[in-house]
Amino acid sequence: MKNLNSAVASEFHAAREYSVKACESLELEDYGLQAAVFASPPKWHLAHTSWFFETFILKPYASGYKTPDPAYELLFNSYYNAIGQQYPRAQRGLLSRPTVSQVLKYRQHVDSVMSRLLAEDNHPHRETIRQRCLLGIEHEKQHQELLYTDIKYSFFVNPLYPVFNDKIETPSAKAAGMQWREFRGGMFELGVDAAQAGFAFDNEMPAHKVYIEPFLLANRLVTNREYQVFIDEGGYTDPVYWLADGWAKVQEQRWTQPLYWLEVQGKAMEFTLYGLRERQADQPVCHLSGYEADAYANWARARLPTEAEWEFAARQQAFSTGQGTILHPQAACRDEAAEPLLQLYDSCWQWTASAYRAYPGFQVSAGAIGEYNGKFMSNQWVLRGGSCVSSAGHLRPTYRNFFYPEDRWQFSGIRLAQNT
């Protein structure tokens, strides 16, 4: 167990260091930006992830633990009603205090006590501490992805279109042609067996059998070029392609194109973490709502895959993450013979036709920590795969991401499916 906890400690510090490193390009004024209710300021992400370790590990299991400030329990509680009240989500950007330096000191305080606690070989709750630390690490990685997507949205509302990363973006090559891959289907065990090795979130469990009819899946994601045709042919003005709620949202929000698409002096542009860039026709279209993905699929005489179909297909080939360090999805141009399905994990989250609901036999964990996933299993859609800003530790066939179908600020795109 000593070596095991040593490995956990190493993962813990790597995740904690990455969160701070991801903010290195920010100016002090950027840390408090919150351009919408669904986005949180970078400073809040840094504080909340520390709050998680403090609340679920240090306070119950670190002997004599003292928080730097009791007010943090209120300020940085995201949604855990069993813990207590939360500061209003829409007002997180108003928290000029604690300052950035105080939040970083808070992180250092939590990290220091966590290090000592993980080194206690004879702690009576050692295994619980280890398990909760693993959950906290994965939770931190989720917030690293949110940090990228939230700051992108907050920068986008600034007419100066600030640059988050000033490194030269590697240009995409021409996209590989879209092809249909056939899958025979049959009985399939969906999800994760709790006894298997490696970390998984509770919503990936338990493994259970489902029957899948034969189906076809596109070998790559829909591109900007292909989505532009949908727009040019009246996709946003014809209700026939849209779910009723989706059409209502189009009218309410006046959607005419994906989030971050702009026309500047006659040029097709796209806002990215690298700043405002000329739109690349062969890159995957991204930052689409589930409603837009579904409407495009209807227009293309196809459909969105179910999450069971997506996982079934993803398990048929070797795991590959592709690009890795580029903060924008790139064109699918790799060897099609080597990888039948391209862009599974490295480009955009892929909307599915599946509602986010509990798997049969799902059990909510006891106490406040049970609020992590279970209570959100309502009115949301499942996305599968991963994006260019996802943590490598979250890229696996069974991972279930979930958002409301009107959400657009995540790196979300389209993989088409068809019946055989």
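Residues: numbered from 1 along the sequence shown.
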Can a donor-acceptor pair be found between the side chains of [X] and [Y] at a distance below 3.5 Å?
{"X": "R107", "Y": "T49", "result": "yes"}
{"X": "S40", "Y": "H48", "result": "no"}
{"X": "T67", "Y": "E54", "result": "yes"}
{"X": "Q228", "Y": "D232", "result": "yes"}
{"X": "Q86", "Y": "N81", "result": "yes"}
{"X": "E140", "Y": "S19", "result": "yes"}
{"X": "H394", "Y": "E138", "result": "yes"}
{"X": "S390", "Y": "E145", "result": "yes"}
{"X": "E226", "Y": "T223", "result": "yes"}

Apply the test side chain to side chain contact (heavy atoms under 4.5 Å, CB included) to residues K152 and V389: give CA-CA distance (whole Å), side-chain angles for both, the deciding distance (0.1 Å), then the verdict.
CA-CA 11 Å; K152 181 175 182 178; V389 296; over 6 Å; no
Could you give me the CA-CA distance, side-chain angles and deciding distance for T398 and E204, then say whether side-chain hydrogen bond (donor to acceptor under 3.5 Å, both in side chains) is met?
CA-CA 6 Å; T398 60; E204 299 174 62; 2.6 Å; yes
Spatial distance of atom [atom1] ([X]) from atom [atom2] ([Y]) [nearest 0.5 Å]:
{"X": "Q144", "Y": "H139", "atom1": "CD", "atom2": "NE2", "answer": "11.0 Å"}
{"X": "C286", "Y": "Y260", "atom1": "SG", "atom2": "OH", "answer": "9.0 Å"}
{"X": "K43", "Y": "D30", "atom1": "NZ", "atom2": "CG", "answer": "12.5 Å"}
{"X": "L276", "Y": "L160", "atom1": "CG", "atom2": "CG", "answer": "11.5 Å"}
{"X": "T352", "Y": "R415", "atom1": "OG1", "atom2": "CZ", "answer": "12.5 Å"}
{"X": "F183", "Y": "L216", "atom1": "CZ", "atom2": "CG", "answer": "9.0 Å"}

Indicate yes or no for a side-chain donor-acceptor contact from [X] to the backbone of [Y] under 3.5 Å, with no hydrogens or angles considered.
{"X": "R89", "Y": "F38", "answer": "yes"}
{"X": "R254", "Y": "Q251", "answer": "no"}
{"X": "Q280", "Y": "E278", "answer": "yes"}
{"X": "S112", "Y": "H109", "answer": "no"}
{"X": "Q253", "Y": "V250", "answer": "no"}
{"X": "T55", "Y": "W51", "answer": "yes"}
{"X": "T420", "Y": "F215", "answer": "no"}
{"X": "N224", "Y": "A281", "answer": "no"}
{"X": "Q330", "Y": "H328", "answer": "yes"}
{"X": "E233", "Y": "F230", "answer": "no"}

Looking at side-chain heavy atoms only, is the closest gap between [X] and [Y] below 4.5 Å?
{"X": "F12", "Y": "M114", "value": "yes"}
{"X": "Y211", "Y": "E213", "value": "yes"}
{"X": "L147", "Y": "C23", "value": "yes"}
{"X": "E189", "Y": "K209", "value": "yes"}
{"X": "Y274", "Y": "D166", "value": "no"}
{"X": "L221", "Y": "Q350", "value": "yes"}
{"X": "W261", "Y": "I231", "value": "yes"}
{"X": "L288", "Y": "Y227", "value": "yes"}

Does R408 count as lying over the ring of W255, i.e. NZ or CZ under 6.0 Å from the six-ring centre, within 45 degrees of the axis?
yes
Row check, W349 ring normal vs R384 NZ/CZ: under 6.0 Å, within 45°:
no
Qualifying residue, where the test is side chain to side chain contact (heavy atoms under 4.5 Å, CB included) with R279 and the options are M269, K267, E270
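Exactly one candidate clears the test, E270.
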Out of I129, V113, I57, which residue meets the side chain to side chain contact (heavy atoms under 4.5 Å, CB included) rule with L118?
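Answer after filtering I129, V113, I57: I129.
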Is the number of heavy atoms from other residues, nucleotides or ligands under 6.0 Å of K105 NZ greater than 12?
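Open: at most 12 neighbouring heavy atoms sit under 6.0 Å from NZ of K105.
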Please name the pair of heavy atoms, one in [X] and one in [Y], separated by the smallest distance, quoted to 0.1 Å.
{"X": "P258", "Y": "V285", "value": "CG-CG2, 3.8 Å"}
{"X": "S347", "Y": "P284", "value": "CB-CG, 4.2 Å"}
{"X": "A313", "Y": "L217", "value": "CB-CD2, 3.6 Å"}
{"X": "A62", "Y": "L117", "value": "CA-CD1, 4.2 Å"}
{"X": "G290", "Y": "L304", "value": "O-CD1, 4.5 Å"}

Considering residues at least two apart in sequence or located in another chain, which fulfil the side chain to side chain contact (heavy atoms under 4.5 Å, CB included) criterion with L243?
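Partners of L243 by the side chain to side chain contact (heavy atoms under 4.5 Å, CB included) criterion, ordered by chain and then number, come out as Y291, D294, W381.
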Take Y236 and E292, measure what side chain to side chain contact (heavy atoms under 4.5 Å, CB included) needs, and give me the verdict at the end.
CA-CA 9 Å; Y236 280 90; E292 290 166 294; 2.5 Å; yes
Given side chain to side chain contact (heavy atoms under 4.5 Å, CB included), test V210 with H208 step by step and report yes or no.
CA-CA 7 Å; V210 297; H208 59 287; 3.7 Å; yes
Could you work out, with side-chain hydrogen bond (donor to acceptor under 3.5 Å, both in side chains) as the rule, every residue matching N419, not counting sequence neighbours?
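Partners of N419 by the side-chain hydrogen bond (donor to acceptor under 3.5 Å, both in side chains) criterion, ordered by chain and then number, come out as R303.
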Taking the inter-plane angle between the rings of [X] and [Y] on a 0 to 90° scale, is it parallel (under 30°), tilted (30 to 60°) or perpendicular (over 60°)?
{"X": "F156", "Y": "F271", "answer": "tilted"}
{"X": "W247", "Y": "W242", "answer": "tilted"}
{"X": "F402", "Y": "Y356", "answer": "parallel"}

Carefully, step by step, assess F376 and Y79 under the rule ring-ring contact (aromatic ring centres under 6.0 Å, His included).
CA-CA 11 Å; F376 296 110; Y79 51 71; 4.7 Å; yes
salt_bridge(K249, E252) N-O dist < 4.0 Å:
yes
Residue pair D150, W409: steps toward the side chain to side chain contact (heavy atoms under 4.5 Å, CB included) verdict:
CA-CA 8 Å; D150 289 359; W409 93 108; 2.7 Å; yes
Full working for ring-ring contact (aromatic ring centres under 6.0 Å, His included) between Y87 and F76
CA-CA 7 Å; Y87 186 79; F76 304 124; 9.0 Å; no
